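Take a look at the structure below.
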Amino acid sequence: MTQTSDRRERTRIERYDAASIEPRWQARWDELGLHRTDLSDTRNAYYLLTMYPYPSGDIHIGHWYIKTPTDAIARFQRMHGRNVFLPIGFDAFGLPAENAAIKNRVNPREWTMQNIANMRRQLRSMGATFDWDAEVVTCDPEYYRWNQWLFLKFLEAGLAYRAKSPVDWCPNDGTLAREQVEGADRHCWRCGAQVEKRELDQWYLRVTKYADELLDFSEIEFPDPVRIMQTNWIGRSEGGEIVFTTAASDHHPGGEEIRVFTTRPDTLFGATFMVLAPEHPLVERLTAPDRRTEVEAYVAKAATETEIERLSAERDKTGVPIGADAINPVNGERIPIFVADYVLGGYGTGAIMAVPAHDERDFSFATRFGLPIRRVVAVPGTEDEPMAAAYVAHSADEVLVNSGEYSGLSADEGGRRIVEWLARDGRGRPAVTYRLRDWLISRQRYWGTPIPVVHCERCGIVPVPEADLPVLLPDTVDYAGSGVNPLTRDEAFLNVACPSCGGPARRETDTMDTFIDSSWYWYRYLSPHKADEPIDTDMAEGWTPVEQYTGGAEHAVMHLLYAREFTKMLRDVGLVQQNEPWRRVFNQGQILGLDGERMSKSRGNVQDPDELVSRYGADTIRLFLMFMGPWDQGGPWSPTGMGGVHRFLNRVWTIALDPHGVEPGDPDAGRLPAGESEAAAAIALRRAAHKTLRVVTSEYESFKFNTMVAHLIELANTLMRYRGTAIAGRPEWDEAVRLLLLMLAPAAPHITEELWSRRLAATGRDWSSIHRERWPAVDETAAVDETREVPVQVNGKLRDKVVVPAGIDDAELQRRVLAAPKVVAALAGRQPDRVVVAGGGRLVNLVVRS
RNA sequence: GCCGGAGUGGCGGAACGGCAUACGCGGCAGUCUCAAACACUGCUGAGGGCAACCUCUUGUGGGUUCGAAUCCCACCUCCGGCACCA
């Protein structure tokens, strides 16, 4: 070819222009109903769930990072004949809407609905195949009424109850969320007032009932870290509950029981003091008159601290003696009682026996207060050694010492026997404790689901009858410049006739934790408008547990655990028949701003996707987000590299539409690689295509999108090398291009649809969409390599590589390795002492001593 | 502090007991162009050497192994969660 004809070839085809093709195909997919799922057909049901977004108004590239690979999974599964259901909705209740309302005097509903409208538009611009017919918006009464309905069912079943519980309280702004308490001095973020604790009557769900069941992960496939974190969060501990009694003193007759939980009943003889949590009810009663001032001051101070501070193993232990003693049930010893903040009221019994010799926290406390440390577990021969730290290690030959008749027994056996002994006369029993607490669902806020109960002067707490649901949130809301829940001032909302006696009553003003909303929304997607029940039981039976759930790792313990608890509650009131909500969960990483912080409008580090869409098109962004790293990793956002992915799509465009053109710049353009025949090149291209198909298929299945894209780029680069040669006219070329487009289709749906339509228009074949094609099958015979390269090491160092036929045996491989020139040089006449042929001949290591 | 995760070229990352740095970005050189842009081709971890080639390198320090980025122990740094942000 002459240079002039080259130039003509180059300019002949039009350029890839995403903006002109993407909206057209999105409209076409809507017409085709690509995204709509026939839920009545459950034969090949594949329920793909992505965590629904909070409509914060901070719409940023992070949403694309979460959603577009999920869409690729949906399209990939559809190409495998699965009936995929990919719904979307909005987690629309919550604190940010109220903050915006207080600050800018906008109505939370209006603020939320505006954000939702904008997010809908943006989510559509991704080209994602969400089934919008199934959309759920949690602040819609059509949704939250069922939170209320479910609450009533739980109340009836004894799964909901009311108890006192402390909140962080600001005198001006009411209850504060953790993020609204600022600084070491714990002041209110809005008014700066000192935050205090206040005890309120609040609603709980009895989820600890499921603690043991939640530790069983056999029906749910979590990433290992999530399973481990949930296991630790539930925190099952086995041990004993031991009854200590108080000793008589000047101010107290004694004989009062103090129950403690311990995981180490074997160390009971080493208990030299006792500690009550500041919240423990006995503190008030047992404190000696001359200790009262100091104890009360300490208790008040502890109330201002966070649990994280109190549990810190690093800081110095604090506490005060209350001026009373307890009696150790195993030896009748009087031991002093302290109150200290490192013991929590909400864990175990809120009281501990302190064994400084065998517990690190007790040891540092005892050291600080000069309390006796008595060793009761030791490896024989070491029992009299001085202790510089608590001995907590477990060793097979350690035994109990200084423990009366139990001395000499192993710790396990001794502990068991001590509990058995105490149990005989009711002074102890084997016991299990969990770190998991019941779920506090009350929120003193407006923007949430009203808890459907009424407080009647005569009848007490009365559930709202089912027929009266929903209890609607009033639309007009006046915050009056304060964070205090406006429902508490809304007389029209508050005043109601008691459903039981008809007398005057007040509505409950607390609303529900928004984690309630997110604990069952995937069931509602299946029947979002069902008017008589929250969940369509038949539909749930056919479509759930959800096949695959994707979402952020930041939800590992809270949302992902609450939802499991809730599912078990739904099961126990007869609404679903399954134990777990989802079969498999994948946690993708989080996209941070360039500054490494979470993206938010207030930080000014958000990347607006609209701008990128108009510059590169949705396909480039989708592909770049998948390519930038492993999906479970996330990381700081940087658009550097977007151009590389865009160039790749340009090459795909060129390959598909202009196979015979050549570019200037390559001196060998239009010629096959030196020494490669046309037949050999055709086989090589076919091999590359099918090897790519094999690896790309498994990468889609395991969500390894970054290497999936890398492999597609490699195949495109291979095709580019053959462009303009005789290969480009052969069926192997057409097959490779066809496979490339099919493999790329789930990730870059618009450009592949465009190229597919153009290629098929030329052939006259009947088609509707590349996204309705079947995923191609690997031709394994085409994917086989004829030769392979074997690296050769001498003493673990790479010295040479030999190319050998694929089917060679080890003896022949060794012969060739030892004949390789660089190997001969490296051996320098020495004989290898050992020849290691690794992993079926993948590598050879020659070991030479001396 | 506790629980979980991650540290690899100038940058994003690949390899996860067997060739460290695939793929991409950036950089350098070139083809095309009057020129630029686009596109395309080649080179590109560090140090040494004219070269063939040699030495070093996966947060730090130890260990296991014929062989370690990968497994084990200790430490450092960063990220997520810690129950009222979602």
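FYI, side chains are in, hydrogens and waters are out, and symmetry mates aren't considered; it's all heavy atoms of this structure. Naming convention: chains lettered A, B, ... in sequence-line order (proteins, then strands); numbering from 1 in each chain. Note that this is a predicted model, so its numbers are computed, not measured.
For the C1' atom pair drawn from G24(B) and C34(B), the interatomic distance equals 34 Å after rounding to whole Å. The separation of C79(B) from G30(B), taken at their P atoms, amounts to 44 Å, rounded to a whole angstrom. Nucleotides U64(B) and C71(B) place their C1' atoms 8 Å apart, quoted to the nearest Å. As rounded to the nearest Å, G61(B) and G18(B) have C1' atoms that lie 25 Å from one another. On the P atoms, G7(B) is 14 Å away from G17(B), given to the nearest whole Å. Look at the P atom in both A68(B) and U57(B): the space between them is 11 Å, to the nearest Å. Distance noted for atom C1' between A37(B) and C32(B): 12 Å (whole Å). Comparing the same atom, P, in C75(B) and in C2(B) gives a spacing of 11 Å after rounding to whole Å.
No more than 12 heavy-atom neighbours from other residues, nucleotides or ligands sit within 6.0 angstrom of NZ on K704(A).
Counting any heavy atom pair closer than 4.0 Å across all strands shown, S442(A) reaches a base atom. As judged by a 4.0 angstrom heavy-atom cut-off over every strand, F515(A) is placed among the base-contacting residues. Contacts of A838(A) with the nucleic acid, taken as non-hydrogen atoms under 4.0 Å apart, include base atoms. Counting non-hydrogen atoms under 4.0 angstrom, S518(A) reaches nothing in the nucleic acid. Nucleic acid contact class of V836(A) (heavy atoms, under 4.0 Å, all strands): base. Residue contacts shown for Q230(A) are absent, as no nucleic acid heavy atom lies under 4.0 Å away. Contacts of N717(A) with the nucleic acid, taken as non-hydrogen atoms under 4.0 Å apart, involve only primed sugar atoms and P, OP1 or OP2.
Remark: C1' of U41(B) and CZ of R671(A) are 13 Å apart, rounded to the nearest angstrom. D800(A) has its CG atom 10 Å from the P atom of C54(B), to the nearest Å. Rounded to whole Å, atom C1' of C82(B) lies 15 Å from atom NE2 of H555(A). When the P atom of C85(B) is taken as reference, atom NE2 of H559(A) falls 16 Å away, rounded to whole Å. As a whole-Å value, the separation of K801(A) NZ from G18(B) P is 15 Å. Residue W203(A) contributes atom CH2, which lies 19 Å from atom C1' of C84(B) at whole-angstrom precision. Atom CD of E179(A) is separated from atom C1' of C85(B) by 4 Å (rounded to the nearest Å). Atom CZ in F648(A) sits roughly 20 Å away from atom P in C38(B) (whole-Å rounding).
Checked against side-chain hydrogen bond (donor to acceptor under 3.5 Å, both in side chains), T112(A) has no partners two or more places apart in sequence or in another chain. The side chain to side chain contact (heavy atoms under 4.5 Å, CB included) search around V695(A) returns E699(A), H711(A), not counting sequence neighbours. Checked against salt bridge (charged side-chain N to carboxylate O under 4.0 Å, His left out), R723(A) has the following partners two or more places apart in sequence or in another chain: D658(A), E663(A).
Taking for each of Q590(A) and P791(A) the nucleotide of RNA chain B with the nearest heavy atom, the 5'-most of the two is the partner of P791(A). With the nearest nucleotide of RNA chain B identified for both L436(A) and F93(A), L436(A) has the one nearer the 5' end.
Applying ring-ring contact (aromatic ring centres under 6.0 Å, His included) to Y342(A) and the options F363(A), F365(A), Y347(A) leaves one that passes, F365(A).
Not one side-chain nitrogen or oxygen of R15(A) sits closer than 4.0 Å to the OP1 or OP2 atom of C38(B). The shortest distance between the side-chain N/O atoms of K797(A) and the OP1/OP2 oxygens of C66(B) is not below 4.0 Å. Applying the 4.0 Å criterion to OP1 and OP2 of G26(B), one finds that R647(A) has a side-chain N or O inside that range.
Y65(A) contributes atom OH, which lies 7.5 Å from atom CD of Q588(A) (distance to the nearest 0.5 angstrom). Taken from CH2 in W233(A) to CG in L215(A), the straight-line distance is 14.0 Å, to the nearest 0.5 Å. The distance from the NE2 atom of H646(A) to the CD1 atom of I621(A) is 10.5 Å, given to the nearest 0.5 Å.
Comparing C84(B), C66(B), C23(B) by their nearest atom to the side chain of V847(A) picks out C66(B). Side-chain proximity of A177(A) to A20(B), C84(B), C23(B): nearest is C84(B). Side-chain proximity of R799(A) to the nucleotides C54(B), G24(B), G18(B) is greatest for C54(B).
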Quiz prompt | Dot-bracket encoding per residue of RNA chain B, Watson-Crick/G-U cut-off under 3.5 Å, | denoting interstrand | solution = (((((((..(((.....[....)))((((((.......))))))((((....))))..(((((..]....))))))))))))....
Polar atom pairs (N or O), protein with nucleotides 67-73 of chain B, under 3.5 Å:
none

Self-check item: Sequence-aligned protein contact record of nucleotides 2-16 of chain B, with B where the base is within under 4.0 Å of a protein heavy atom and S where only the sugar-phosphate is
Solution: -SSS------BSS--
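Below the 3.5 angstrom threshold, one finds a donor paired with an acceptor across the side chain of R445(A) and the base of C84(B).
The ring of W631(A) has its center closer than 6.0 angstrom to the ring center of F586(A).
When atom types are taken as modelled, the side chain of D438(A) and the backbone of T208(A) share a donor-acceptor pair closer than 3.5 angstrom. One N or O on the side chain of D359(A) and one on the backbone of D362(A) form a donor-acceptor pair closer than 3.5 Å.
Ring geometry for H559(A) against Y549(A) counts as perpendicular: the plane angle is over 60°, on a 0 to 90° scale with 30° as the lower cut.
Annotated as anti: G81(B), whose O4'-C1'-N torsion sits more than 90° from 0.
Comment: D510(A) does not engage R443(A) in a salt bridge, judged by the lack of any side-chain N to carboxylate O separation of less than 4.0 angstrom.
At a cut-off of 3.5 Å, with distance as the only test, no side-chain donor of Y52(A) or T138(A) sits close to an acceptor on the other residue.
Contact between M119(A) and F90(A) at its shortest, heavy atoms only, is CB-CE2, 3.8 Å.
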